[in-house]
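Counting convention: from 1, in listed order, for ligands and their atoms alike. Position 1 is the first residue of the sequence; numbering continues from there.
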Amino acid sequence: MSRIIAIANQKGGVGKTTTAVNLAAALAAAPRKVLLIDLDPQGNATMASGVDKREIGDSACEVLLGEAEARAAIVRSPEGYDLLPTNIDLTAAEIQLMDLPARENRLKAALEPIREQYQYILIDCPPSLSLLTLNALAAADGVIVPMQCEYFALEGLSALVNTIEALKQRLNPSLQIEGIVRTMFDVRNNLANAVSGELTSHFGDKVFRSIIPRNVRLAEAPSHGQSIVGYDRSSRGGIAYMGLAGEVIRREKKHKETA
Ligand code: ATP
Ligand code: MG
């Protein structure tokens with residue numbers, strides 16, 4: 001059985017792509033069969049996976065429009081997982097998508113023939129609640145929400161949780177919040193510690209115990225087209241993402257037991 005997990009937060013720059021890429025690589029190292037889907041026209045997850053977005057053939061764009069099979073567009077990342085790449089064409093695809101039937105369920109349908117080939121399918125979402133993100137949330141079993149422990153973060157998080165609950169009723173009744181992951185964390189920052197405390201008191205064990213530190217190695221890795229696992233797995237960031245992958249695997253076992 002495969003588990004499809006969207007990495008989403010409508011707020012920009014909170015570590016969605018960093019989490020998607022490094023979690024994919026850490027799960028692949030576990031070893032698990034992983035597909036990473038880049039659903040952000042910025043193509044950051046594609047580049048960070050060591051695939052040049054300027055040189056790809058079919059991409060998530062053609063797949064969503066029904067012009068290519070997912071199988072044909074998927075490439076192998078040197079980081080040990082499969083990748084459905086993306087580039088800026090996805091922006092145009094999103095506009096075309098508006099007029100297509102079942103426009104929120106295109107990704108779900110495209111993944112149906114291949115989902116059982118993978119243990120984990122991760123989807124890197126753009127920083128908005130756009131039609132692309134809706135496609136990710138309609139296809140997903142769970143959502144991982146990366147967040148920075150900043151002043152307005154909890155407010156944004158409540159808005160996201162409400163949106164997910166609303167979507168659940170309309171689009172995808174089985175959608176769960178897989179977990180919230182604290183990113184770019186600085187233990188010396190009092191505000192971050194206070195927000196983190198509030199987060200755990202509100203959301204309890206929905207908050208992953210692995211905390212991703214602010215770590216320069218994590219910021220450097222994408223410029224080498226590498227995940228932290230390939231670039232420096234013993235860095236603090238590398239250890240944190242390996243820990244997160246372990247938690248995701250343990251949660252998956254729990255989901256299976258309760259299913
Ligand atoms: P967007 O909303 O634009 O898609 P995002 O939520 O995907 O952004 P990232 O691209 O993952 O966020 O991260 C934003 C920036 O912060 C990037 O330059 C990334 O390298 C850096 N960054 C992310 N996580 C960390 C970390 N733990 N330590 C240091 N730098 C980080
Ligand atoms: Mg991103």
Protein residues near ligand 1, heavy-atom distance below 4.0 Å? Gly12, Gly13, Val14, Gly15, Lys16, Thr17, Thr18, Asp40, Gln42, Pro127, Met184, Ile212, Pro213, Arg214, Asn215, Leu218, Ala219
Can you find a side-chain donor-acceptor pair between Asn172 and Ser174 that sits under 3.5 Å? yes
Using distance alone, with no hydrogens and no angle criterion, decide if Ser210 and Glu247 have a side-chain donor and acceptor under 3.5 Å apart. yes
For atom CZ of Arg76, decide whether the heavy atoms of other residues, nucleotides or ligands shown that lie under 6.0 angstrom number more than 12. yes
With no hydrogens and no angle check, do the side chains of Thr19 and Tyr241 hold a donor and an acceptor under 3.5 Å apart? yes
Tyr81 and Ser227: side chain donor to acceptor below 3.5 Å: no
Whether the Thr46 and Asp38 side chains hold a donor-acceptor pair (N or O, under 3.5 Å, no angle test) is what I'd like checked. yes
Any N/O/S atom from Gln42 (main chain or side chain) under 2.8 Å of the Mg ion (ligand 2)? no
